[in-house]
Amino acid sequence: MADNKKLVSEITSMDVDFAKWYTDIVKKADLIAYGSVKGFMVIRPYGYAIWENIQKILDDSFKKTGHENIYMPLLIPESLLNKEKEHVEGFAPEVAWVTFGGNEKLSERLCVRPTSETLFCEHYADIIHSYRDLPKLYNQWCNVVRWEKTTRPFLRSREFLWQEGHTMHATAEDAQFETLRMLDLYADFAEKSLCIPVIKGQKTEKEKFAGAKATYTIEAMMHDGKALQSGTSHNFGDGFAKAFNILYTDKDNSQKNPHQTSWGVTTRLIGAIIMTHGDDNGLVLPPAVAPIQVVIIPVAMHKDGVLDKAHELYSRISDKFKVKLDESEESPGWKYAEYEMKGVPVRLEIGPRDIENNQCVLVRRDTREKTIVSLDNLEEEVANLLSNISDNLYKKALNRREEMTYTATTLEEITEIAATKPGFIKAMWCGDVACENKLKEVSEISSRCIPFEEQQISSTCVCCGKPAKHMLYWGKAY
RNA sequence: CGAGGCGUGGCACAGCUUGGUAGUGCACUGCGUUCGGGACGCAGGGGUCGCAAGUUCAAAUCUUGUCGCCUCGACCA
């Protein structure tokens, strides 16, 4: 039966050192290898397969909502990047520059894209002329580079993979609708496919994206109580359109600037999965994105009929689930630990005793609970188990978030909670950036978002005591 | 960029204080025995000790420089 004993000695316990636990898992589950340049990593096949599954699900959703994929250039001329003032100022400190082509110094230096708003705008200026050209719903899957000072695999790397949607709309209403529609799509994906509960909300002026009119976010809470911004959706209004001179002729024959959005999620989501569901035995993967959903471990392989039976079960269920049959020479115990480390949701053990009784052993990764099931309804049992695992992962994460969410009404109270209890703090806010800065100073917490579902915690700002305008979620962030 | 830690076979580390033939565990190769929670025996292969300069008869070890990685802070998806 399931107990909490740590079986894998190579993994540092998360209670001992959460950061070490994280990097141990990333390496031991074979998700990445470090590259030779700081902040750049080899995403190993098992890690990349998780990303591919994320891509597949999201890309299908984007197609269903009418988006088309496109690919933009890697390099941005400095003059192009400079066109929108707030945007450059936001990104300038962390861009990498190409200054040489071969041995020749370039006349204009080129920035390796940290994000592609400027490239999309340049292109949109070319192709949008009439209201008939709108909306434009484009998305690109690519890599971007941001020269971070300190780096952590998946959470903060200098190169990361993502998708960036960039859309253009005739009216402000259309753009706002799109911004929120994509945020909902992300939230739905996080909760249904990744089993990660998220808080939907709007970023404050201080925390919003460089150049955006409004930024919306899904915020998740990790095992250690820290917040992870897991996806963002921005409404740009017509600011970029004006800066890049994007104009269309409307029905009334007048020239107008279109309204723009962008939205993205990244390989950081893999970090979110690790830090939401993982435990001291390793990774725990949500079934929807697990590269292997069921691993078949033959026990006493050398005995007559065991391998044959294992192959038979493999072909029976491998078209319904992602299945791996491990017939390597390692001992069964070694394999149990290995696939637990890799977070495979369900382990199927088949040995001589099972064959005699027309049964097999199913072990679920999240609780490590063992059940013996008849082979007659194996498909059903596995399907039920996978769906139970998803539900359980989500519920556990939601319960943890609720247990680790506090409310505060005074500065003393919020400072005290921030210092002693990891997690989110709900508190009222007057709307002044000075109060955000102050809390950052005294407590090292930042505003996560103004949630769509606000509560009335009190009537005054937790920081300055003036009348409150909004409820904010506060927390320490990755 | 500030503070701390670390670079020695693929991985984790010892050796460095007090210079003198490069070691251990895991992994790897072969054979045999095992196989229901990380099995065992025997026999093997693999390292110019991050890089560079210096001191010395002699440097993994001492000196200087340099590059890189990790962790924690400020910034970011």
Side-chain angles (χ1 to χ4, degrees), chain A residues 1-3 5-12 17-24 26-28 30 33-41 90-95 114-115 143-164 186 203 206-210 215 217-220 227-234 262-272 281-282 297-303 306-307 327-341 347 349-355 360-361 363 368 370 372 440-441 444 446 476-478:
Chain A
M1 285 310 285
D3 56 39
K5 203 176 76 181
K6 190 160 87 66
L7 295 175
V8 183
S9 57
E10 285 95 358
I11 298 179
T12 306
D17 184 340
F18 192 78
K20 185 84 177 4
W21 168 84
Y22 178 81
T23 42
D24 278 352
V26 159
K27 280 191 287 187
K28 298 281 160 49
D30 203 18
Y34 287 108
S36 51
V37 179
K38 177 185 165 73
F40 290 76
M41 60 190 183
F91 280 101
E94 53 180 10
V95 294
T115 179
N143 59 341
V144 290
V145 170
R146 298 180 187 179
W147 216 260
E148 301 292 344
K149 307 283 189 198
T150 55
T151 59
R152 299 187 69 189
F154 295 121
L155 298 176
R156 203 185 306 119
S157 47
R158 285 181 174 173
E159 179 189 25
F160 56 88
L161 307 184
W162 75 347
Q163 58 70 217
E164 44 178 331
Y186 284 157
K203 286 285 184 187
K206 174 179 160 66
E207 299 286 333
K208 76 176 189 190
F209 182 82
T215 290
T217 177
I218 51 172
E219 296 284 326
L228 190 74
Q229 180 175 309
S230 304
T232 46
S233 186
H234 314 288
S262 86
W263 26 275
V265 296
T266 77
T267 37
R268 174 179 268 189
L269 286 177
I270 298 173
N281 294 317
I297 314 273
V299 174
M301 290 195 312
H302 61 291
K303 297 215 170 125
V306 172
L307 264 185
E327 46 183 314
S328 69
E329 294 290 332
E330 306 290 353
S331 72
W334 188 93
K335 290 175 187 173
Y336 299 166
E338 175 69 10
Y339 292 100
E340 269 173 21
M341 182 126 66
R347 175 171 85 235
E349 301 172 16
I350 181 83
R353 287 210 298 271
D354 300 311
I355 296 170
C360 70
V361 178
V363 186
R368 303 222 324 278
K370 278 189 185 191
I372 294 171
K440 183 95 201 173
E441 240 174 72
E444 290 175 339
S446 54
K476 289 180 182 153
Y478 272 98

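Reminder, nothing fancy here: chain letters follow the sequence lines and each chain counts from 1. Not measured: the values here are computed from a predicted model.
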Nearest-neighbour nucleotide for the [X] side chain, [options] considered:
X        : options             : result
A/Thr151 : B/C70, B/G37, B/G36 : B/C70
A/Ala19  : B/C72, B/C35, B/A77 : B/C72
A/Thr232 : B/G73, B/A77, B/G36 : B/A77
A/Glu148 : B/C75, B/C35, B/U71 : B/C75
A/Phe209 : B/G38, B/G37, B/A77 : B/A77
A/Lys440 : B/G36, B/C75, B/U71 : B/C75

Q: Classify the side chain of A/Glu340 and the base of B/G37 as holding, or not holding, a donor-acceptor pair under 3.5 Å.
A: yes
Q: Would you tell me whether A/Asn281 and A/Glu340 have side-chain atoms, one donor and one acceptor, within less than 3.5 Å of each other?
A: no
Q.
Between A/Thr217 and A/Glu219, do the side chains contain a donor N or O and an acceptor N or O under 3.5 Å apart?
A. yes
Q: Measure across A/Ile350 and A/Val306 and return the closest heavy-atom pair with its distance rounded to 0.1 Å.
A: O-CG1, 3.9 Å
Q. How far does the P atom of B/G23 sit from the matching atom of B/C16, given to the nearest Å?
A. 15 Å
Q. If the P atom of B/G2 is compared with that of B/U48, how far apart are they to the nearest Å?
A. 35 Å
Q.
Just verifying a value: how many Å separate A/Arg347 CZ and A/Arg368 CZ, rounded to the nearest 0.5 Å?
A. 8.5 Å
Q) With sugar-phosphate meaning primed atoms plus P, OP1 and OP2, does A/Glu444 contact a base, only sugar-phosphate, or nothing at under 4.0 Å between heavy atoms? A) sugar-phosphate
Q) Hey, does A/Gly264 reach any base, or is it just sugar-phosphate, or nothing, if we go heavy atoms under 4.0 Å? A) nothing
Q. Nearest-Å distance, CZ (A/Arg156) to C1' (B/U71)?
A. 11 Å
(Q) Is the phosphate of B/C35 approached by A/Lys335 (side-chain N or O, under 4.0 Å from OP1 or OP2)? (A) no
Between protein and nucleotides 39-42 of chain B, what N or O pairs are separated by less than 3.5 Å?
from, atom 1, to, atom 2, distance (Å)
B/A39, OP1, A/Ser331, OG, 3.1
B/A39, OP2, A/Ser331, OG, 2.5

Q.
Stacking between A/Phe160 and B/A77, defined as ring centres under 5.5 angstrom apart with planes under 30°, is that present or not?
A. yes
